[in-house]
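Structure first, commentary second.
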Amino acid sequence: MWKGAIGFGLVSVPVRLYASIQEHGTRLHQVHDEDGGRIHLKRVCDVCAEEVDYEHVAKGFEDEEGHTAVLTKNDLAGLPLPSKKLIDVLAFVDSDRIDPLRLQSAYYLAPESAAANKPYVLLRETLKQTDRVAVTKIALRTRESLALLRVHEDLLTLHTMYWPDEIRSAAGLAPPDSVTVRPQELKMATSLMDTLSEDFDLDELEDEYESALGELISAHLDHRPVAKKETAPAPDNVIDLMAALQASIDTAGKKGEQEPKKTAAGTDSATEKKTAKSRTGTAGRETAATSKTTAKTTAKTTAKAASKTASKSTAATKKSATGSTRSKTAAKKTTAKKTSRRAG
């Protein structure tokens with residue numbers, strides 16, 4: 001989409017510019033909701049009320065008094081653009097000095113010919129070894145902008161940037177300095193971050209809205225109903241920060257347990273330790289529960305046995321006491337008989 005050269009000092013590297021982004025959004029047209037007819041936008045002049053062809057469309061600027069300056073394509077083409085065919089390197093800076101807030105679109109830069117391979121590799125390796133990026137200027141679509149030149153894998157990439165005065169001030173947007181957090185809250189937040197980051201793969205993410213839109217379009221084309229999916233509302237307040245953090249950790253942990261995980265050969269040692277610790281804790285809890293149940297059963301059995309023994313002993317004692325009482329009564333009767341006989 002662009003052909004020129006990278007220039008720094010007396011070194012020139014002929015390159016070609018390629019788009020690095022391919023958006024996958026489904027394009028929707030404006031149609032009439034009653035019959036589905038396409039709606040076309042026409043360029044109509046508000047002075048003569050006539051439709052204007054694209055070749056006669058010019059650029060204009062209106063001042064505060066209502067005066068309009070008409071700028072044709074020839075006028076704009078005559079403006080001086082030193083960076084029209086040149087990526088002009090202004091300086092080389094450390095990569096951490098560039099705030100990502102300044103970055104716009106990204107492009108690939110490839111050598112324009114075989115003769116450009118040597119200086120291309122030289123610039124790439126120098127940037128890589130020094131961990132630097134190049135701040136440049138480039139003109140794309142008749143507009144000059146700042147650009148960042150950096151290394152991505154084996155390629156040089158170009159990121160257009162906003163000018164310094166295009167970045168709005170963020171003064172007054174941050175919370176006041178009086179708001180502080182406790183070490184416990186930082187620890188809980190760190191734990192939540194670690195839980196959410198386990199087994200995360202950026203390449204597996206997909207646009208759920210785009211998938212739902214495609215399903216909706218297919219359903220309308222096939223004349224079949226589509227189940228409406230409800231979106232969970234976002235929380236509107238935070239009552240207890242610690243409770244919210246703990247609930248988030250528990251929810252993330254349950255979600256991770258429900259998802260099947262494959263064990264790779266190169267599993268992280270820290271993950272293995274956490275898994276082993278979890279298994280050990282679970283086994284310990286199961287053993288403790290089993291021991292507790294066994295102890296309860298043994299205690300019940302011993303109590304029943306002791307109760308039966310005591311009952312038998314009590315019965316024997318009563319029986320023995322009854323027998324003794326009967327013996328005494330019989331002896332008394334015998335003595336009374338003998339005394340009666342003697343008296344007779």
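No experiment lies behind these values; they were computed from the predicted model shown.
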Residues in side-chain contact (heavy atoms from CB on, under 4.5 Å) contact with [X], at least two apart in sequence or another chain:
X: Glu65; result: Asp63, His67
X: Ile21; result: Glu23
X: Leu186; result: Val181
X: Asp201; result: Asp203, Glu204

Could you pull out all donor-acceptor pairs under 3.5 Å where a side-chain atom in residues 26-52 meets a protein atom, sequence neighbours excluded?
unit_1, atom_1, unit_2, atom_2, d
Thr26, OG1, Glu210, OE2, 2.1
His32, ND1, Asp35, OD1, 3.2
Asp35, OD1, Gly37, N, 3.1

Task: Those residues that, when tested against His56, pass side chain to side chain donor-acceptor pair (under 3.5 Å) (two or more places apart) - done: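 Side chain to side chain donor-acceptor pair (under 3.5 Å) list for His56, sorted by chain: empty.
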
Task: By side chain to side chain donor-acceptor pair (under 3.5 Å) - contacts of Thr72 (at least two apart) - done: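 Thr72: side chain to side chain donor-acceptor pair (under 3.5 Å) contacts with Asp75.
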
- [ ] Decide yes or no for Val93 and Ile98: does some side-chain heavy atom of the first lie under 4.5 Å from some side-chain heavy atom of the second?
- [x]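 A side-chain contact under 4.5 Å exists here.
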
Task: Backbone N/O of Glu55 and side chain of Asp53: donor-acceptor pair under 3.5 Å - done: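 Judged by distance alone, no pair lies under 3.5 Å.
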
TODO: Using the ring-ring contact (aromatic ring centres under 6.0 Å, His included) rule, collect all pairs that involve residues 141-196, keeping only residues at least two apart or in two chains.
DONE: none

TODO: For residues 114-131, pull every pair meeting side-chain hydrogen bond (donor to acceptor under 3.5 Å, both in side chains), keeping only residues two or more places apart or in separate chains.
DONE: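 For residues 114-131: Ser95-Asp131.
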
Task: Remaining members of hydrophobic cluster (4.5 Å side-chain criterion), Val121 - done: none

Open item on the list: Test of understanding: with salt bridge (charged side-chain N to carboxylate O under 4.0 Å, His left out), list the residues that count as partners of Asp222, not counting sequence neighbours.
Closed with: Arg224

Open item on the list: Within a 6.0 Å radius of atom CG on Asp165, are there more than 12 heavy atoms belonging to other residues, nucleotides or ligands?
Closed with: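 Buried by this count: over 12 neighbours within 6.0 Å.
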
Can I get a per-line list of side-chain donor-acceptor pairs under 3.5 Å for residues 104-114, giving both atom names and the distance, sequence neighbours left out?
unit_1, atom_1, unit_2, atom_2, d
Gln104, OE1, Thr160, OG1, 3.4
Glu112, OE2, Lys3, NZ, 3.4
Glu112, OE2, Arg16, NH2, 3.3

